[in-house]
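Hydrogens, waters and symmetry mates are skipped; everything else that's a heavy atom, side chains included, is used. Labels below follow one simple rule: chain letters A, B, ... track the order of the sequence lines, proteins then strands, and each chain is numbered from 1.
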Amino acid sequence: MSQDHPVKFGRRSMLKAGAAGVGSLVWAPLLASPAAVDASIADLFDGRVAQSGRVTVKIPPITENGTSVAFRVDVESPMTQEDHVLRIAVFAEENPVPDIAHYELGPRAGIASVESRIRMNGSQRIRAVAEMNDGSLWTGHAFSIVTLAACLL
Amino acid sequence: MLMIRIKAPVKATKGQVIELKAMIQHKMETGYRRDKYGRQIPRDILRRFECLYNEEVVFRAQFFPAVAANPILTFYTVATESGFLVFRWVDEAGVEAFDKVELEVV
């Protein structure tokens with residue numbers, strides 16, 4: 001099949017190769033990983049185990065530019081004095097640092113939702129963990145394919 | 001002076017959940033980039049944000065380098081009484097930036 005396409009090294013593939021080359025040189029010892037995210041979560045929440053559910057992460061399925069990606073985290077909670085969200089922490093699996101941001105809220109928030117913009121160093125899963133006032137942890141995640149990675153630019 | 005943009009309702013009914021949007025102009029330099037001579041560009045990011053409703057903290061955030069430049073935040077609070085909403089950012093050197101809006105609760 002490749003003989004049918006004489007131009008094998010297009011601009012795009014060269015750019016990709018260049019970015020990957022530079023990326024691996026600069027980032028190799030720095031990158032986070034799913035395990036680093038697990039460690040970060042354990043560290044932040046004293047080793048408690050997060051159950052899956054109640055947390056929804058919304059990011060675009062395909063992102064053209066990783067330098068600014070809109071995301072939203074929603075947590076199912078009545079947000080009353082008796083039952084509310086205390087903290088929401090957001091993590092990236094392929095960024096140099098696993099932590100993205102930590103948010104502290106309480107019953108006065110009314111709705112347990114936060115929206116912001118983040119940097120994404122390549123296609124990856126964004127995970128969010130919510131801590132309830134009863135001490136339980138809930139988690140959710142979303143994946144985005146990133147065409148142009150941030151951090152290096 | 002850092003440019004700050006706040007979007008908050010001027011008037012709300014008691015008990016209503018209001019949406020607050022706060023944006024600040026800041027490069028959020030990660031500390032991972034290099035300049036054209038290969039020197040590392042030092043990290044310069046905002047570390048903390050808080051929103052005070054009549055001097056009581058209703059929302060707080062801690063930022064890491066993965067927060068995009070010119071950070072924007074959308075969050076919610078319940079309108080309880082008339083007063084002021086203060087939005088405050090602190091960078092790593094402890095330099096603060098803030099803005100204040102008035103809310104009338106009927």
Other members of the hydrophobic cluster containing B:Y37, with the 4.5 Å side-chain heavy-atom rule, please. none
Does [X] have more than 12 heavy atoms from other residues, nucleotides or ligands lying within 6.0 Å of its [atom1]?
X	atom1	result
B:Q40	CD	yes
A:R125	CZ	yes
B:R5	CZ	no
A:R117	CZ	no

Can you hop from [X] to [Y] via hydrophobic side chains spaced under 4.5 Å?
X	Y	answer
A:V97	A:I41	no
A:V57	A:F91	no
B:I6	B:Y53	yes
A:L137	A:V90	no
A:V129	A:I88	no

Between A:V69, A:I118, A:I100, who has the most heavy-atom pairs with chain B when the cutoff is under 4.5 Å? A:I100
Please determine, among A:A92, A:A101, A:A109, the option with the most heavy-atom pairs under 4.5 Å with chain B. A:A109
Distance in Å, [X] [atom1] paired with [Y] [atom2], rounded so as to fall on 0.5 Å steps:
X	Y	atom1	atom2	answer
B:C51	A:R108	SG	CZ	9.5 Å
A:E115	B:I72	CD	CD1	8.0 Å
A:S116	B:K21	OG	NZ	10.0 Å
A:I111	B:T74	CD1	OG1	12.0 Å

What residues, two or more places apart in sequence or in another chain, satisfy side-chain contact (heavy atoms from CB on, under 4.5 Å) together with A:S136? A:Q51, A:M132, A:D134, A:W138
Report yes if some heavy atom in the side chain of B:Y76 is under 4.5 Å from a heavy atom in the side chain of A:V114; otherwise report no. no
Please examine the side chains of A:R119 and B:M28, heavy atoms only from C-beta on, and report whether any two atoms are closer than 4.5 Å. yes
Kindly indicate, with the supporting measurements, whether the criterion side chain to side chain contact (heavy atoms under 4.5 Å, CB included) is fulfilled by B:Y32 and A:N95. CA-CA 11 Å; B:Y32 305 124; A:N95 276 10; over 6 Å; no
Which atoms of A:R72 approach chain B - backbone, side chain, both or neither, heavy atom under 4.5 Å: side chain
Pull out the residues in residues 56-69 of chain B that come under 4.5 Å of chain A, heavy atom to heavy atom, sorted by number. B:E56, B:V58, B:F59, B:R60, B:A61, B:Q62, B:F63, B:F64, B:P65, B:A66, B:V67, B:A68, B:A69
Does anything in residues 77-94 of chain B get under 4.5 Å of chain A by heavy atoms, and if so which residues? B:T77, B:V78, B:T80
